[in-house]
Novice: 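Pasting a structure here, questions to come.
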Number of protein chains: 2
Amino acid sequence: MRIGELAERAGTTTRTLRYYESRGLLQARRAENGYRTYDEGDLRMVRQIRTLQDFGFDLEETRPFVDCLRAGHPAGDSCPASLAVYRRKLGELDTLIGQLQSVRTEVGAQLARAELEASAEVPGGPEPRCELNREDEDR
Amino acid sequence: MRIGELAERAGTTTRTLRYYESRGLLQARRAENGYRTYDEGDLRMVRQIRTLQDFGFDLEETRPFVDCLRAGHPAGDSCPASLAVYRRKLGELDTLIGQLQSVRTEVGAQLARAELEASAEVPGGPEPRCELNREDEDR
DNA sequence: GTAGTCCTTGACGTCGGCGTCAAGGCAAGG
DNA sequence: CCTTGCCTTGACGCCGACGTCAAGGACTAC
């Protein structure tokens, strides 16, 4: 199959496939006329890459999976190097999720505090005080 | 104070402050010699921006907070527009955290499955099968 | 005067993962 | 023959938040 069909069957674009090739993830045979030629194994590789990218893996992280498939293994994650990437990713995800949760907590607290002060200001409070402290201005 | 001191006191760089100015977030007065001049209010604005960026807000999202400070309010989140940004951000965070958690679950499941198959392969299993199905190759 | 440190504007570089355009080759149908 | 639709390589564009370099002006200290 040629690049257009591979792109369509993998749910991506020809540009993306050529980009993968430029990164050394995909290796195409060439027909006599110079066209790239792919087989079902290539389709599996591309699908593996796409799946991992959907998970938020960046391209370099998909390389072990692709290498694993190219080595003839039945799945991209049949190799130790792929499992190592999985594990590293899990750690990164846990860290990131934790950070986001603490940010969420902080932002939530800020919102609650700001809403409180706003409601304390409205029901008869003073106008918004529109002057700064002018004493200590130029350092 | 001049740009170098502001940068230092805000924990950032002069390049960053000029960038903020180019984005319209910061407005510097000019001394006779052309140097930018800042006051304590500017320092508060920069610190507000930095705090929000640490939370993962992008620059545009900090604009309402800066505008609020410039309008003379005591805090950057004393204005409704800022509260709206807080709320929107909370929603985005919840969505993102949820997505990451489901990814985490999926990756964890993949890892567990792959580890199982690997352990089923090792203790006397066959060599890694290094041939692909060749029948249905060229589509 | 001159060395050193600050400041100025302008412009190009970075990173990832492509999008998009340009200019042209190849194959098939009418 | 001509159009259409695929394919080729090459190269610039994009986004965000700056980093980094260049060339030169301003001010201070000695």
Side-chain angles (χ1 to χ4, degrees), chain A residues 1-39 42-43 45-66 85 88-89 92 96 138-139, chain B residues 1-39 42-43 45-66 85 88-89 92 96 138-139:
Chain A
M1 104 190 80
R2 291 176 305 178
I3 197 169
E5 185 182 347
L6 178 59
E8 194 177 355
R9 292 180 65 188
T12 182
T13 68
T14 61
R15 178 69 182 90
T16 296
L17 296 179
R18 292 197 192 94
Y19 178 66
Y20 291 171
E21 183 174 326
S22 80
R23 303 279 87 200
L25 286 172
L26 215 52
Q27 284 148 18
R29 279 113 294 170
R30 294 301 180 119
E32 290 186 3
N33 56 15
Y35 288 9
R36 290 174 178 81
T37 305
Y38 302 94
D39 59 25
D42 294 315
L43 176 57
M45 292 190 210
V46 177
R47 285 186 171 152
Q48 173 75 81
I49 295 172
R50 295 262 107 198
T51 299
L52 294 175
Q53 284 197 307
D54 289 346
F55 283 165
F57 289 50
D58 50 50
L59 262 191
E60 270 316 304
E61 294 177 315
T62 72
R63 194 178 295 277
F65 296 80
V66 173
V85 174
R88 193 161 50 73
K89 205 68 188 178
E92 288 174 14
L96 181 56
D138 291 291
R139 52 187 326 255
Chain B
M1 94 191 89
R2 291 175 305 179
I3 197 169
E5 184 183 347
L6 178 60
E8 194 177 356
R9 292 180 64 189
T12 182
T13 67
T14 61
R15 178 67 181 93
T16 296
L17 297 179
R18 292 197 192 94
Y19 177 66
Y20 290 169
E21 182 173 326
S22 79
R23 303 280 88 199
L25 286 172
L26 215 52
Q27 284 147 19
R29 280 112 293 170
R30 295 299 182 121
E32 291 185 4
N33 56 14
Y35 289 9
R36 288 175 179 81
T37 305
Y38 302 94
D39 59 25
D42 293 316
L43 176 57
M45 293 190 210
V46 177
R47 285 185 171 153
Q48 172 76 80
I49 295 171
R50 296 261 107 199
T51 299
L52 294 174
Q53 283 197 308
D54 289 346
F55 283 166
F57 289 50
D58 51 49
L59 263 190
E60 269 316 303
E61 292 177 318
T62 72
R63 194 178 294 278
F65 295 80
V66 174
V85 174
R88 193 161 48 74
K89 206 67 188 178
E92 289 174 15
L96 181 56
D138 292 290
R139 53 184 330 250

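Chain naming here is simple, since letters A, B, ... match the order of the sequence lines and numbering starts at 1 in each.
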Novice: Do NZ/NE/NH1/NH2 and the carboxylate oxygens of B:Glu92 and B:Lys89 come within less than 4.0 Å?
Specialist: yes
Novice: State, yes or no, whether a side-chain contact exists between B:Tyr38 and B:Ile3 at a heavy-atom distance under 4.5 Å.
Specialist: yes
Novice: When you match B:Glu32 and B:Arg15 each to their closest nucleotide on DNA chain D, which lands nearer the 5' end?
Specialist: B:Arg15
Novice: Would you please confirm or rule out a distance under 4.0 Å between OP1 or OP2 of D:dA17 and any side-chain N or O of B:Thr16?
Specialist: no
Novice: Would you mind reporting whether A:Asp39 and A:Met1 have side-chain heavy atoms less than 4.5 Å apart?
Specialist: no
Novice: Side chains of B:Leu59 and B:Tyr19, heavy atoms from C-beta outward: is any pair under 4.5 Å?
Specialist: yes
Novice: Any side-chain heavy atom of A:Leu52 sitting closer than 4.5 Å to one from A:Glu61?
Specialist: no
Novice: Could you tell me, to 10°, how much the axis swings from one end of the helix from C:dG1-D:dC30 to C:dG30-D:dC1 to the other, five pairs per end?
Specialist: 40°
Novice: Could you go through nucleotides 3-7 of chain D and list every protein N or O atom that sits under 3.5 Å from one of its N or O atoms, giving the distance for each pair?
Specialist:
from  : atom 1 : to     : atom 2 : distance (Å)
D:dC7 : OP1    : A:Gly4 : N      : 2.7

Novice: Just the rounded figure in Å: distance from P of D:dG16 to CD1 of B:Ile49.
Specialist: 16 Å
Novice: Can you name the side-chain hydrogen bond (donor to acceptor under 3.5 Å, both in side chains) partners of B:Arg47, sequence neighbours left out?
Specialist: none
Novice: In whole Å, I'd like the distance from the OH atom of A:Tyr19 to the P atom of D:dA11.
Specialist: 17 Å
Novice: So, applying side chain to side chain contact (heavy atoms under 4.5 Å, CB included) with B:Ile49, which one of B:Asp54, B:Thr16, B:Leu25 is it?
Specialist: B:Leu25
Novice: What salt bridge (charged side-chain N to carboxylate O under 4.0 Å, His left out) pairs are there with at least one residue in residues 15-24 of chain B, not counting sequence neighbours?
Specialist: B:Glu21-B:Arg30, B:Glu21-B:Arg36
Novice: Do B:Val85 and B:Phe57 have side chains that get closer than 4.5 Å, going by heavy atoms?
Specialist: yes
Novice: May I ask you to list the residues of residues 50-59 of chain A, by number, that have any heavy atom positioned under 4.0 Å from an atom of DNA chain D?
Specialist: none
Novice: Under a 4.0 Å N-O cut-off, is there an ion pair linking B:Arg63 with B:Glu60?
Specialist: yes
Novice: Quick check on D:dT8: is either OP1 or OP2 less than 4.0 Å from any side-chain nitrogen or oxygen of A:Asn33?
Specialist: no
Novice: To the nearest 0.5 Å, what is the distance between CD on A:Gln27 and CE on A:Met45?
Specialist: 8.0 Å
Novice: Using chain A heavy atoms and a threshold of under 4.0 Å, write down where along DNA chain C the contacts begin and end, 5' to 3'.
Specialist: C:dG17 to C:dA27
Novice: With salt bridge (Lys or Arg N to Asp or Glu O under 4.0 Å) as the criterion, how do B:Asp42 and B:Arg9 come out once you've worked through the C-alpha distance, each side chain's angles and the decisive distance to 0.1 Å?
Specialist: CA-CA 11 Å; B:Asp42 293 316; B:Arg9 292 180 64 189; over 6 Å; no
Novice: Taking all atoms of both residues into account, what is the closest heavy-atom pair of A:Thr14 and A:Gly4, and its distance?
Specialist: CG2-CA, 3.9 Å
